[in-house]
There are 4 protein chains.
Amino acid sequence: MEAVAQKAVLPASRRQPAGRKSQQRVREILQAGREVFSEKGYARATTAEIAQRLGVSEATVFSYFRGKRELCARVIGDWYDESIAAIEGGLPRDGTVRQQFAFIVRMHLQLMLESGTGICELVLSEGRTRHHDLSEALTEMQRRYTAPLMRVLARGQESGQIRNDLSLRLLRSLVFGPMEHVLWDATLANRRTDIDATADRLVDALWSALQPPNLELAALAQFSQDVGEAVRRLERERAAR
Amino acid sequence: MEAVAQKAVLPASRRQPAGRKSQQRVREILQAGREVFSEKGYARATTAEIAQRLGVSEATVFSYFRGKRELCARVIGDWYDESIAAIEGGLPRDGTVRQQFAFIVRMHLQLMLESGTGICELVLSEGRTRHHDLSEALTEMQRRYTAPLMRVLARGQESGQIRNDLSLRLLRSLVFGPMEHVLWDATLANRRTDIDATADRLVDALWSALQPPNLELAALAQFSQDVGEAVRRLERERAAR
Amino acid sequence: MEAVAQKAVLPASRRQPAGRKSQQRVREILQAGREVFSEKGYARATTAEIAQRLGVSEATVFSYFRGKRELCARVIGDWYDESIAAIEGGLPRDGTVRQQFAFIVRMHLQLMLESGTGICELVLSEGRTRHHDLSEALTEMQRRYTAPLMRVLARGQESGQIRNDLSLRLLRSLVFGPMEHVLWDATLANRRTDIDATADRLVDALWSALQPPNLELAALAQFSQDVGEAVRRLERERAAR
Amino acid sequence: MEAVAQKAVLPASRRQPAGRKSQQRVREILQAGREVFSEKGYARATTAEIAQRLGVSEATVFSYFRGKRELCARVIGDWYDESIAAIEGGLPRDGTVRQQFAFIVRMHLQLMLESGTGICELVLSEGRTRHHDLSEALTEMQRRYTAPLMRVLARGQESGQIRNDLSLRLLRSLVFGPMEHVLWDATLANRRTDIDATADRLVDALWSALQPPNLELAALAQFSQDVGEAVRRLERERAAR
DNA sequence: CATGAATGAGACTTCATTCAT
DNA sequence: AATGAATGAAGTCTCATTCAT
């Protein structure tokens, strides 16, 4: 799985070596990169520091990766790979739609928060940065990352448990949007978050949003709306006199 | 209101002039800055280009703004100021909670999408960048920006139309999260978005998520609430005569 | 006297006004300049601050003085003018060569130290800076400043009280060199200096250096020298065996 | 000795390389710096020109030196190091106080004048500039530079050949003051100076100033001193056989 | 393979100085 | 006379990236 991801993200550096030791080097650099990017964020991280942590020259880093941008993309890509594996591996195959949905939400929060605040910040932040040529790679990663949820949602729509008057794309925003927002809030406040409690509340609230609209309720709402409007119209007419 | 915000964000350069022409210059630079930052994003924008667009030297830019970072903060801050004014100014004072909620959602989408794709991207992107010292200013802007929604949500909770088992903070995430996600999706896809349709769907879905868990009761509660409000309004009218 | 100095130093700014109020302005600017240059030294002083102290715009300063350099030269020039006046005015006309010499030494130290450490530092420091086009003006000021001493020295040489086997120029260095060195030492150490004591010691030591060589002493010295040499020669010869 | 001095003056740039070629580069840059600073003086010299002379980018210069100020400090520091070495190396160990004194005076003039007018000017001028943070380094260099003279003076005071009613500090001013003054005169006049003649005259005049007030007694004291020394030397020789 | 060294580029910054009004 | 505004020029600094060995 990793190999695939790497190919997708990395056209590979011109002189990139391919031996066994090389693989090791790549991993070391990625590790150092993850640390530094996590600690400082993309902009404030320096290739010099990454190299230094390994006791390697900057040039070495650049012989394995095309550049800072790409290295960072790989760091994030690897995180996504691990996360995708965790979600796909842990998803309760036989669970109900709601169970699977809950699992994904909880897992997402867990992965983001337990990888360390740094990585969470990095992924959220870089997810909102246009990297000229690397955006597609990132977008692709995000697509793969959200794929499990998309499948669950599609299944839910088919079985009528999830409203099908909204596109999958919009539903996805409805789910990931709040999660990201909550996570970003958490990194900003640097607040320790109770994952379980937050996950429960989110699942609860989001699940309401995903359910098919209650027709009776809608009718009542419409009725109340109509009455309200009528009253207001009357007021306006009266005022105009 | 603008003045306050500007003071908060900008300690301003030492030699900053203050005359009328100055004000004009500031506006011009902000305009040029908005353009360049929008087109290139923060990182790829250069102070040199901003100056050049105005046919002005970089030194001039730096005599009005402490630096790239601050200029960008002002650009974003101004956008926020305008947006806050638009939302606070347009908010239907006498509308129902749901109407006000709908207004804010629609307005948010409109402001983001009609200010030009660039600004939308910039605001969303910079909102997720830690600028060491400027983050607080930005966070404050965001707080002010979301204040109207917070008030509506609070009002809704009081009147029982909005679930009060979730914190306002979480509710905010529930609302702004999806909106931002949708907007980011849109900028990524560079897709023309039907604001009205999207807004309607979002309002609809989000409103479900905001409802108190027991939907039927909630619907009835809201209905009685609406009728009650209308009646009270009528009475006030009558009393005023 | 001042007018003369000003002419020498200042070819005057193109648009320099000449009215009475102007004279006042010039004096004000010089005053502010003296303060700022004294406090910060030439390099760290800014025209902006000088203007600011007067509540005047920088441009105003530049309409009275060609530039920072020239303003500083004028500040120093004025100090020299005052000092020259003080020395020439106070010099005991009927005093002996030694009395006049002592007066000048003491006065020099006093003027330097009592004008404030800043001015002392400024004068000493700028005296050692090549100002491209202004050096001549400064040099000329220094020439005038040292003129009284030169006259005393010349009188001393004529009357045989001061050795005349050394040029006046060298004698001047012999006198001003130590004084400047002592003063610089004092500014470096920021040490409060006892002017009277220092002056007495300096006068005493310098007076020895100025006196005609004692021939008998010289003969004895030569004799001892010869004996010493002879002894050494013997030693060397013995060692070579 | 050099290493120590360099460490004291230069915390060095973060990315400073350290190989052999590096050492060479450092020397080249110092050389270029010495040239440019000598020719233009500190203020008018530009880092750009220094880099250009070497056909090197400014960034390179800044990767070896923290900045213009520091580079200049090193240039001067190196000159001091060389000079100190020359003086300490050439000082006649067995010479009389007066011989050593004369040697130092002559050497000082020689070093200043034969390193090229530029360096002389630079050293004298920068010695009188407060560089905020670098002054201490310079002051320390000057302390080391004057140390040999201080030792000689102290020895002279002990043996009664030099007046001990004046502090060493004042005596130092008495010696270096005139020398610096003469040298500055020379650079101002851009005059070719006869080093030997000037040195002889200075030594002669200064020696008088250093003598104990009572000249005849002093002369005799010195004579007996000289003879005594010679005799002792002879005895030592004899004992060693 | 690794790396020492160099560097282009751009951000910032500060000022003295100029000029139109 | 005065000044608000602009600016050229240089310093300072930081990095990602390249390349010859």
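So that the names make sense, note that chain A is the first sequence line, chain B the second, and so on, each numbered from 1.
Residues forming a side chain to side chain contact (heavy atoms under 4.5 Å, CB included) with D:Glu49 (at least two apart in sequence, or on another chain): D:Val36, D:Lys40, D:Thr46, D:Arg53.
At whole-Å resolution of the value, CZ in A:Arg66 and P in F:dC19 are 14 Å apart. One interatomic measurement links the two molecules: CZ of C:Phe65 to P of E:dT18, which rounds to 15 Å at whole-angstrom precision. Here F:dT3 presents its P atom at 10 Å from CG of C:Leu54, a figure rounded to the nearest Å. D:Phe62 places its CZ atom 15 Å from the P atom of E:dG8, with the value rounded to the nearest Å. A:Lys68 places its NZ atom 12 Å from the C1' atom of F:dT17, with the value rounded to the nearest Å. Regarding D:Phe37, its CZ atom lies at a distance of 14 Å from the P atom of F:dA10, rounded to whole Å. Summarising the geometry, the separation between CD on B:Glu49 and P on E:dA9 is reported as 16 Å, rounded to the nearest angstrom. Straight-line distance from the CD atom of D:Gln52 to the P atom of F:dG11: 12 Å, rounded to whole Å.
Contact of the D:Gln31 side chain with the D:Leu54 side chain is not registered, since no non-hydrogen atoms from C-beta on lie closer than 4.5 Å. At a threshold of 4.5 Å between non-hydrogen side-chain atoms, the residues D:Phe37 and D:Ile50 count as touching. You'll find the side chain of B:Ile76 stays beyond 4.5 Å of the side chain of B:Arg34, heavy atoms only.
Both A:Ala43 and A:Ala59 sit near DNA chain F, but only A:Ala43 has its closest nucleotide nearer the 5' end. With the nearest nucleotide of DNA chain F identified for both D:Glu58 and C:Ser57, C:Ser57 has the one nearer the 5' end.
Between A:Arg44 and the phosphate of F:dT14, there is no side-chain N or O to OP1/OP2 separation shorter than 4.0 Å. Side-chain nitrogen and oxygen atoms of B:Thr47 include at least one within less than 4.0 Å of the OP1 or OP2 phosphate oxygen of E:dA11. Taking 4.0 angstrom as the limit, C:Thr60 places a side-chain polar atom (N or O) nearer than this to OP1 or OP2 of F:dT3. At E:dA2, one or more side-chain N or O atoms of A:Tyr64 fall inside 4.0 Å of OP1 or OP2 (strictly under the cut-off). B:Arg25 has a side-chain polar atom (N or O) that falls below the 4.0 Å cut-off from OP1 or OP2 of F:dA6.
Cation-pi geometry between C:Arg69 and C:Tyr42 is met: the NZ or CZ atom falls under 6.0 Å from the ring centre, inside 45° of the normal.
Nearest heavy atoms, A:Cys72 versus A:Glu126: SG-CG, 4.3 Å.
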> Dot-bracket for DNA chain E, 5' to 3', with Watson-Crick and G-U pairs under 3.5 Å, [ ] for crossing pairs and | for other-strand pairs: what is it?
Replying inline: .||||||||||||||||||||
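Side-chain contact of D:Arg27 with D:Gln24: a donor-acceptor pair under 3.5 Å is present, judged by distance alone.
Contacts of B:Ala45 with the nucleic acid, taken as non-hydrogen atoms under 4.0 Å apart, involve only primed sugar atoms and P, OP1 or OP2.
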